[in-house]
**Student:** 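Quick one: this structure, given as structure tokens, is what I'll be asking you about.
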Amino acid sequence: MYATVVIDIPDLKHQGFDYQIPEPYRSTIQVGSRVLVPLTNRLVQGYVVDIHETTEVGKIRPIHEVLDIIPSLSQEMIQLGKWMSEYYVSQLFRTYQILLPAALKTKMEEYIIIGNKELSDLTLIEIEIMDWIRPRQPVSIKKLLGSFPGNEKIIKELIQSGVLELQREFKDKTAKKKIPYLKSRLTLEQLLLEIAALPKQAIKQKMVLEYFISREIDEVSLSQLLSELKITRSTIQLLVKKGNFTIIEKEEYRDPYKDRVFQDKKITLTPMQDQVLRKIIDSMENQRTVPFLLHGITGSGKTEIYLSAIQHALEQGKDSILLVPEISLTPQMVERFKGRFGELVAVMHSRMSQGERYDEWRRIQKGNAKIVVGARSAIFAPFRNLGLIIIDEEHESSYKQEEHPKYHARDIAIWRAKYHHATLVLGSATPSMESYYQASKQNYQLLELPERVFGSQLPTVHIVDMREQLRMGNRSMFSQMLQEKIEEKLEKKEQIVLFLNRRGYSTFVMCRSCGYVMKCPHCDISLTYHHSDRSLRCHYCGYTEHQPKLCPECHSPYIRYFGTGTQKVEEELTKRFPGVRVIRMDVDTTSKKGAHERLLNVFKNEQADILLGTQMIAKGLDFPKVTLVGVISADSLLRLPDFRSAERTFQLLTQVSGRAGRHQLPGDVIIQTYDPEHYSIEHASHHDYNSFFRKELEQRNLLHYPPFTRMILIQFSHENLMLAMKAIERFARELKGMLKISAEVLGPVAAPIPKIKDRYRFQCVVKYNDEYFIVNKAIHRAIQVVNESIKDRKILIQVDVDPYMLL
DNA sequence: AGCACGCCGACT
DNA sequence: GTCGGCGTGCTC
């Protein structure tokens with residue numbers, strides 16, 4: 001018997017190697033099992049994708065170990081991985097890895113022990129190394145090298161000669177948390193008899209037996225028993241000694257929401273919500289697979305519909321996935337679902353530990369959880385009987401993975417929904433152009449919720465023309481109106497949210513004498529000034545240098561800071577409104593674990609007046625006291641050289657506006673811009689999605705952009721500029737030759753940021769109308785040609801199907 | 001990726 | 001003459 005095993009070989013075409021299955025493993029191994037297999041002189045992890053009786057491979061080696069009793073990858077996941085790897089042009093192994101929780105990646109640990117060979121003529125340094133190791137062995141190779149820097153070669157030789165021995169071990173990170181339980185072997189009647197037989201003074205033992213009887217249980221966690229009955233282990237020891245009880249180890253799932261109390265609020269749907277729900281339920285019952293696009297304005301009560309639809313799936317005995325953007329996966333959000341469905345809900349997001357995520361994954365795999373609420377990767381939840389997939393805020397960019405394989409959760413959802421005949425619901429207040437276009441072509445069924453549930457008014461949106469402000473002599477970042485409104489709200493003790501999508505202090509730093517702009521030495525991008533530590537930082541690679549006193553070019557002391565970032569706004573606010581309490585939220589203030597929630601809580605408890613932040617504050621926040629939302633500069637979004645910038649501006653402005661006046665208090669929204677007539681700002685101010693959609697669709701059609709034309713972005717990078725150029729030129733030539741009629745190949749050109757982290761970047765864009773598989777095949781082929789003709793392993797090729805941005 | 005094999009320069 | 005540089009190719 002032989003198994004085809006997919007392993008980590010940096011070859012796009014690698015589909016697995018054949019290994020012989022040793023006798024003892026033949027009954028346990030299955031397609032989807034993780035295995036350890038030999039590869040030249042080491043062991044590597046792999047995934048079994050096929051099992052067969054014969055093989056054509058001459059040199060067959062045996063599988064070293066089967067790591068799973070239950071295969072990690074289901075038949076569905078094996079197929080999904082294959083499809084993804086081809087579709088997204090990514091290594092098969094990497095694709096399988098992202099389908100599984102990170103804890104299942106076995107990591108090889110290497111350590112050193114003293115070997116069984118002895119040499120008499122050791123050099124001084126060798127003796128020193130041996131003496132260092134002897135009391136510490138086994139010692140990790142990293143630690144050893146760290147203690148003897150520069151002696152890599154000597155250590156390698158000692159290993160080669162056998163004086164030292166290199167040991168390798170695979171460490172699973174799946175260590176399950178075990179807790180002791182006391183288990184009874186007796187029936188209820190036997191327990192009663194046992195009580196009668198106990199000597200009078202055995203009060204504690206009697207209590208334990210009664211505990212089992214009164215609860216009609218046969219096992220209980222030891223710690224619970226000890227604390228509830230106020231007894232000690234000695235009582236337990238006596239019971240165990242008599243043979244009727246045993247201590248067993250039981251797996252405990254780490255429940256991150258263990259100590260929270262959740263409320264189950266009764267849901268009554270409005271007639272409109274109910275109508276939408278009926279359609280979804282009807283589709284579920286008839287296993288129809290046309291996806292729904294649920295277009296519901298903010299506050300229209302989409303979540304209630306999700307809850308009810310999931311309830312229905314549950315009643316049908318089916319599993320559900322609810323995807324939400326990472327950022328809106330807040331405790332309040334989780335609470336609602338936990339409150340409604342309790343233990344049946346598994347939660348998955350990036351702030352959980354590897355162990356926690358693995359536990360949730362296993363609860364799903366074992367069928368103990370029927371619902372998953374999670375961010376992007378939760379789309380891979382190992383359900384076997386999916387009935388419903390919901391993607392909330394489907395337009396969000398966070399559903400696109402930016403590392404290989406660069407998948408979109410929406411694509412995966414469509415694939416899985418087809419596989420399971422499950423119903424797919426895409427929900428949004430501002431649907432993506434792609435999805436709304438699909439709905440307009442009847443490929444998706446459109447459902448609409450045009451009204452707010454509580455009938456609360458949408459806020460009044462004021463557009464402020466900043467050019468006019470400038471003409472009036474106002475050169476500050478706050479327009480007169482914004483300033484007045486802030487004062488007004490501060491006086492009324494209401495709260496304010498200010499939005500700016502630039503962190504740092506100023507966006508670029510220039511010498512006024514010679515015009516030199518401070519740039520990152522590793523990336524072709526200007527550095528941002530951070531006032532807190534007076535540093536210049538690169539937002540792409542993290543490079544940091546101290547604020548220069550003199551221009552590095554001409555040594556002039558006249559250095560100016562241009563542009564506005566969140567730090568500068570914060571400074572201005574405290575200057576202009578003395579005593580104001582400002583919370584700044586951006587990558588710089590929320591990088592620490594829990595900081596995000598902590599800051600929001602401060603604002604929620606009204607210990608601050610103004611919440612100032614970047615994108616991250618735009619979503620899902622709901623504070624009743626917020627009555628003013630200000631967008632400092634809508635232009636910074638609009639001016640990005642990207643085909644989606646208008647769409648993103650509209651979505652963001654709509655979303656930000658939704659933050660104001662969600663409850664009784666009426667809300668104001670102020671949008672500051674130098675381009676007040678722009679259609680995305682205009683339509684957002686009137687909460688008019690349909691007009692925006694029509695206008696933007698026209699533009700996209702005109703310029704041959706999605707959703708009419710589909711695109712693929714291919715980037716090559718290399719530390720050597722000439723080599724990178726040569727490679728992509730070869731690639732483009734090959735591709736153009738193959739795709740003369742079915743697609744248009746643009747470029748190659750330097751990438752919008754031509755150098756990141758010391759690598760030169762070039763790109764091609766392929767535009768086509770349909771028949772992706774032809775384009776896909778051509779790309780695979782062209783990459784192969786480049787790899788065969790230019791043999792340089794450091795060429796990095798990245799393929800992005802349906803890129804979110806062209807940057 | 002990791003590793004071996006193998007063909008060229010600079011050293012004991 | 002050998003040691004070791006890293007270019008090339010393979011791993012079931």
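Worth saying up front: this structure is predicted, and the values here are computed from it rather than measured. Chain A is the first sequence line, chain B the second, and so forth, proteins listed ahead of strands; every chain is numbered from 1.
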**Student:** Rounded to whole Å, how long is the line connecting atom NZ of A:K13 with atom P of C:dG9?
**Tutor:**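 Value for this atom pair: 13 Å.
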
**Student:** Without decimals, in angstroms, what is the distance between A:I63 CD1 and C:dC12 P?
**Tutor:**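 Whole-Å distance recorded here is 13 Å.
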
**Student:** From the set C:dT8, B:dA4, C:dC12, return the single nucleotide nearest to any side-chain atom of A:K791.
**Tutor:**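 Of the candidates, C:dT8 comes closest.
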
**Student:** Distance check needed: C:dG7 P versus A:E788 CD, whole Å only.
**Tutor:**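 So the CD-P distance, A:E788 to C:dG7, works out to 21 Å.
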
**Student:** Does one side chain, of A:S717 or A:R761, offer a donor that lies under 3.5 Å from an acceptor on the other?
**Tutor:**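 No.
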
**Student:** Is there a side-chain contact between A:N41 and the phosphate of B:dG2, meaning an N or O under 4.0 Å from OP1 or OP2?
**Tutor:**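 For B:dG2, neither OP1 nor OP2 has a side-chain N or O of A:N41 closer than 4.0 Å.
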
**Student:** For A:L92 and C:dT11, give me the distance from atom CG to atom P, rounded to whole Å.
**Tutor:**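 Value for this atom pair: 19 Å.
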
**Student:** Round to the nearest Å and state the distance from A:H64 atom NE2 to C:dT11 atom P.
**Tutor:**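 Atom NE2 in A:H64 sits about 21 Å away from atom P in C:dT11.
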
**Student:** Report the nucleotide, chosen from C:dC12, B:dA1, B:dA4, that has the shortest atom-to-atom distance to any side-chain atom of A:R42.
**Tutor:**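 From the listed options, B:dA1 comes nearest.
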
**Student:** Quick check: are there more than 12 heavy atoms from other residues, nucleotides or ligands sitting under 6.0 Å from CD1 of A:I69?
**Tutor:**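 Not more than 12 within 6.0 Å, no.
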
**Student:** Given A:D359, which partner from the list A:R362, A:R363, A:R357 fulfils the salt bridge (Lys or Arg N to Asp or Glu O under 4.0 Å) test?
**Tutor:**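 Of the listed options, the one satisfying the test is A:R362.
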
**Student:** What's the CG-P distance between A:L39 and C:dG9, to the nearest Å?
**Tutor:**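 One finds 18 Å between P of C:dG9 and CG of A:L39, rounded.
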
**Student:** Which whole-number value in Å describes the distance from A:K794 NZ to B:dA1 C1'?
**Tutor:**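 Value for this atom pair: 14 Å.
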
**Student:** So, does the side chain of A:R793 form a donor-acceptor pair with the base of B:dG2 at under 3.5 Å?
**Tutor:**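 Per atom types, the contact qualifies.
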
**Student:** Rounded to the nearest angstrom, tell me the gap between atom CG in A:D50 and atom C1' in C:dC12.
**Tutor:**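 Computing the A:D50:CG to C:dC12:C1' distance gives 14 Å.
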
**Student:** Which is true for A:D8 with a 4.0 Å heavy-atom rule: it touches a base, it touches only sugar-phosphate, or it touches nothing?
**Tutor:**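 Contact class for A:D8: none.
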
**Student:** Less than 3.5 Å apart, any donor N or O on the side chain of A:D792 or A:H718 sitting next to an acceptor on the other?
**Tutor:**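 Indeed, the side chains of A:D792 and A:H718 share at least one donor-acceptor pair under 3.5 Å.
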
